[in-house]
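All chains are named by letter (A, B, ...) in the order of the sequence lines, taking the proteins before the strands, and each is independently numbered beginning at 1.
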2 protein chains.
Amino acid sequence: MPNEKRPPFAENVTADDVAIAAGVSRWTVNRAFRKDASISPKSLQKVMVAAERLGYLPDLRAASLASDRSNLVALLIDDFANPHKLVMMERLTRILRREGWDVLLVNTLDRDDAGHALLNASQRRVDAVILIGIQFDDDVLETALQARRFRKLIVFARSSENPNTISIAVDDVGAMTELARYVHQRGYRRPLFLAGPQSHSAHLLRKETFLEYWGKHFSFQPESVTVPAYDPALAATIAMETLSRRGPSDLPDVIVCENDALAMGATDVIRHKLGLEIPKDIAITGFDDVPQADNPNYRLTTYRQPLTEMVEYLVKVLADPEERDLNRLFTGRLIPRHSA
Amino acid sequence: MPNEKRPPFAENVTADDVAIAAGVSRWTVNRAFRKDASISPKSLQKVMVAAERLGYLPDLRAASLASDRSNLVALLIDDFANPHKLVMMERLTRILRREGWDVLLVNTLDRDDAGHALLNASQRRVDAVILIGIQFDDDVLETALQARRFRKLIVFARSSENPNTISIAVDDVGAMTELARYVHQRGYRRPLFLAGPQSHSAHLLRKETFLEYWGKHFSFQPESVTVPAYDPALAATIAMETLSRRGPSDLPDVIVCENDALAMGATDVIRHKLGLEIPKDIAITGFDDVPQADNPNYRLTTYRQPLTEMVEYLVKVLADPEERDLNRLFTGRLIPRHSA
DNA sequence: ATTTTTCTTGCTCGCGCGAGCAAATGTGGA
DNA sequence: TCCACATTTGCTCGCGCGAGCAAGAAAAAT
């Protein structure tokens with residue numbers, strides 16, 4: 001009776017129930033739901049009909065317990081003010097799900113909390129942990145690796161030399177060199193670097209690369225200012241302080257930002273608070289190419305990370321049980337727009 | 001030897017190991033990790049010392065299997081172009097984690113996929129499913145409730161009359177009435193409504209409310225235009241088409257948007273493509289009060305949902321096993337800014 | 001028709017933990 | 001000291017499934 005109504009919160013139907021209904025053994029039922037298992041088309045059919053009728057689906061907790069593979073990855077993210085995080089989450093969850101991975105999303109509040117979040121994930125016995133954020137410096141990683149078992153620790157969108165850690169990131173040195181050269185060739189000569197949160201061990205190489213490039217070509221190091229979070233509003237505050245401290249004649253002619261979130265904040269300040277024009281009075285560059293970068297308010301010259309390619313690589317790495325220590329860099333593309 | 005080095009991917013340490021090390025039974029070890037369990041301070045201490053030394057943490061899969069509570073909720077989200085989703089995810093994951101819930105994030109691509117996502121979640125035996133998105137119309141919900149077991153089905157930020165479904169949302173009728181009255185009192189007389197994706201059963205009441213208000217007061221129904229996704233870029237395209245189809249004298253004096261994502265797209269078009277001023281030539285209102293609404297490029301008059309309050313309510317509902325059918329509406333606050 | 005090979009099925013055992021009860025231990029009062 | 005009672009501990013059994021093997025069935029080869 002396919003139309004038989006079941007109560008909305010029915011008792012658990014298990015493989016045994018289906019087995020009885022289909023006239024096979026429990027193991028045949030479970031085999032029917034595994035793609036690798038050997039099962040005759042006939043009994044597969046019988047099982048599926050019975051399962052459909054009873055509303056049976058295998059319990060992934062039990063499967064995971066028995067097989068020691070959870071098909072679960074934890075995604076630890078910290079920095080929700082940064083619009084790029086939304087893009088990364090979308091891409092990651094979409095592609096991971098396509099490949100059969102479920103995603104445990106963990107919002108890590110601060111550096112201390114990152115440790116707890118890692119423990120949390122380990123209790124779910126996830127097959128891998130993907131870290132996206134600024135809090136995961138070498139200490140946190142080291143602790144994670146020392147004390148707990150993770151099959152894989154993947155640092156995404158940030159490179160890490162840590163052993164036993166997989167990192168998948170854009171080549172910051174190459175990218176920022178390209179950006180610096182662009183800024184240089186466009187004739188800008190008084191740059192200011194707007195950097196994101198810096199920790200001794202977990203930061204991007206963009207600032208160093210830019211400053212070195214400039215030092216090499218002009219024998220002076222531009223000023224750089226640090227914003228303690230990738231938050232456009234916070235970047236606006238810091239940029240305002242910095243720029244208003246300088247006299248009008250002492251303003252930079254370009255602000256090179258560690259990413260788009262900072263660049264957007266800086267843009268807002270320059271246009272709306274200082275009443276200056278971009279790029280005529282001050283130019284701006286960003287990094288990431290978030291969707292808003294193309295917005296008419298910003299038209300940001302920026303650097304696009306090959307996100308899809310990076311995520312596709314990530315799922316490949318996930319599938320390979322041997323792979324657990326590598327540092328893969330990707331090359332993106334400079335996107336020249338109006339802002340510089 | 002606390003400093004003894006373990007290999008990074010050690011063998012699984014289980015409660016039995018800790019039991020031997022602590023000189024107690026396995027059950028005492030597990031009790032030590034449950035807050036409700038009765039255990040003497042002495043053996044708790046012994047267990048914790050041994051567990052710490054061995055790096056033991058209970059396996060939540062097994063606990064869940066045995067206790068039939070997973071402490072897991074699935075979060076089904078579809079519409080990643082909408083910046084409000086980032087805010088909701090942040091708030092939800094933060095507060096849920098604080099209350100001991102882990103979150104399975106599922107990116108549902110389209111309406112068909114929503115069904116698969118639901119099945120997926122049911123296989124992990126989540127304690128609740130939280131739906132945030134436009135794809136979860138009554139059909140999808142009905143199917144979910146009919147065919148599969150979910151302890152709770154929670155529709156968030158959208159109200160649902162569906163039985164056996166908990167919905168937590170802002171009172172769209174009240175909110176939009178307030179907005180309409182505001183627009184009315186500010187003297188606008190030629191409104192255009194910019195609506196989001198409409199389905200017969202799963203949409204917001206904002207459009208109907210606004211149109212009815214206007215019909216009641218002015219005996220004509222303003223035009224309304226539908227954008228098929230809450231995507232600023234798409235909204236910009238549609239707004240551009242609509243506005244350029246009209247003659248300059250026939251332009252609306254205010255565009256009332258179903259949410260901020262649409263309002264931002266419309267704003268961009270009006271200012272940058274049409275070269276008009278906001279609010280002088282055309283005013284704009286939004287809904288949600290996303291962080292960008294306060295940005296100098298938008299200064300959007302909008303309606304703020306009491307998101308934290310709503311999420312706090314959600315975790316309360318989660319904790320109560322009896323609660324599984326209610327429709328709770330919250331009242332937010334009109335945020336007048338520059339755009340209208 | 002018989003044997004060999006291949007495929008399919010059933011089964012034992014274990015994954016790590018919790019519910020719930022029984023035994024053991026502890027506490028206090030008469 | 002002894003007993004009634006409360007607290008703590010250990011234990012049996014089961015949650016639902018998978019690995020891996022052995023038995024059975026089917027297909028292929030002789």
Side-chain angles (χ1 to χ4, degrees), chain A residues 10-48 50-51 54-72 122-127 148-149 151 321, chain B residues 10-48 50-51 54-72 122-127 148-149 151 321:
Chain A
E11 278 315 296
N12 216 11
V13 27
T14 157
D16 285 304
D17 305 335
V18 179
I20 294 170
V24 297
S25 73
R26 176 178 70 74
W27 298 272
T28 304
V29 173
N30 290 109
R31 264 189 274 258
F33 285 88
R34 257 174 292 159
K35 71 227 149 303
D36 59 314
S38 103
I39 185 173
S40 71
K42 189 158 30 108
S43 29
L44 177 64
Q45 170 74 2
K46 279 196 295 185
V47 168
M48 285 313 187
L54 300 178
Y56 168 78
L57 281 177
D59 185 328
L60 257 36
R61 299 171 304 179
S64 156
L65 194 59
S67 71
D68 205 35
R69 287 203 65 224
S70 59
N71 280 302
L72 235 197
S122 91
Q123 290 196 260
R124 297 267 174 206
R125 304 300 189 255
V126 297
D127 290 334
R148 325 289 161 187
R149 290 157 279 86
R151 291 213 167 67
Chain B
E11 278 315 296
N12 217 9
V13 28
T14 157
D16 284 304
D17 305 335
V18 179
I20 294 170
V24 297
S25 74
R26 177 181 67 76
W27 298 272
T28 303
V29 172
N30 288 74
R31 264 190 274 259
F33 284 89
R34 256 175 293 158
K35 71 223 149 306
D36 58 314
S38 103
I39 186 172
S40 70
K42 192 158 30 107
S43 32
L44 178 64
Q45 171 74 2
K46 279 196 295 187
V47 168
M48 284 314 187
L54 299 178
Y56 168 78
L57 281 176
D59 184 328
L60 256 38
R61 297 171 305 180
S64 157
L65 194 59
S67 71
D68 204 36
R69 288 204 63 223
S70 60
N71 282 299
L72 236 196
S122 90
Q123 290 196 260
R124 296 267 174 205
R125 304 300 191 254
V126 296
D127 290 335
R148 325 290 162 187
R149 288 158 281 86
R151 293 216 165 66

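Contact annotation: side chain of B:R31 to base of D:dG10, donor-acceptor pair present below 3.5 Å.
Remark: C1' of D:dG18 and CZ of A:R69 are 13 Å apart, rounded to the nearest angstrom. When rounded to the nearest whole Å, the span between CZ of B:R61 and P of D:dG16 equals 16 Å. One can place CZ of B:F33 at 15 Å from P of C:dG16, the figure rounded to the nearest angstrom. Between A:R125 atom CZ and C:dG16 atom C1' there is a gap of 9 Å when expressed in whole angstrom units. Atom CG in B:N30 sits roughly 15 Å away from atom C1' in C:dG20 (whole-Å rounding). Atom CZ in B:R124 sits about 14 Å away from atom P in D:dC17, given to the nearest Å.
Although no hydrogens or angles enter the test, the distance criterion places no donor-acceptor pair under 3.5 Å between the side chain of B:Q123 and the main chain of A:L60. A donor-acceptor pair under 3.5 Å links the side-chain atoms of B:D127 to the main chain of B:N71, judged by distance alone.
Each of D:dT9, D:dG18, C:dG16 was ranked by its minimum atom distance to the side chain of A:S67; first place goes to D:dG18. When distances are taken from the side chain of B:S38 to each of C:dC17, D:dT8, D:dC17, the shortest belongs to D:dT8. The side chain of A:D59 has D:dC17 as its nearest neighbour among D:dT8, D:dG18, D:dC17.
A:R34 comes within contact range of the sugar-phosphate backbone alone, with a heavy-atom separation under 4.0 Å but no base atom that close. Residue-level contact check: A:S64 touches neither bases nor backbone, having no heavy atom under 4.0 Å from any strand. At a threshold of 4.0 angstrom between heavy atoms, the contacts of B:L65 include nucleobase atoms, whether or not backbone atoms are also involved.
Contacts between residues 14-27 of chain B and DNA chain C, defined by a heavy-atom separation under 4.0 Å, are made by B:T14, B:A15, B:R26, B:W27.
When all heavy atoms are compared, the tightest approach of A:Y56 to A:V13 is CD1-O, 3.3 Å. Across all non-hydrogen atoms, the minimal contact from B:L57 to A:S122 is CD1-OG, 3.9 Å.
In this view, A:T28 and A:V24, A:S25, A:I39, A:S43, A:V47 satisfy the side-chain contact (heavy atoms from CB on, under 4.5 Å) rule, not counting sequence neighbours. For B:D17, there are no salt bridge (charged side-chain N to carboxylate O under 4.0 Å, His left out) partners, not counting sequence neighbours. Residues passing the side-chain contact (heavy atoms from CB on, under 4.5 Å) test with A:A66, sequence neighbours excluded: none. When the salt bridge (charged side-chain N to carboxylate O under 4.0 Å, His left out) test is applied to A:D68, the partners found at least two apart in sequence or on another chain are A:R151.
The shortest distance between the side-chain N/O atoms of A:T28 and the OP1/OP2 oxygens of C:dT8 is not below 4.0 Å. Dashed line: the shortest gap from a side-chain N or O of B:S40 to OP1 or OP2 of D:dT9 is under 4.0 Å.
In summary, the side chains of B:R125 and B:S70 do not present any donor paired with an acceptor at a separation below 3.5 Å, with no hydrogens or angles considered. Side-chain N/O atoms of A:N30 and A:R34 include no donor and acceptor closer than 3.5 Å.
Both A:K42 and B:L60 sit near DNA chain C, but only A:K42 has its closest nucleotide nearer the 5' end. Heavy-atom nearest nucleotides on DNA chain C were determined for A:I39 and for B:A63, and the one closer to the 5' end corresponds to A:I39.
Annotation: the terminal axes of the helix from C:dA1-D:dT30 to C:dA30-D:dT1 meet at 30°, where each axis is the rotation carrying the C1' atoms of four end pairs onto the next four (5 pairs per end, rounded to 10°).
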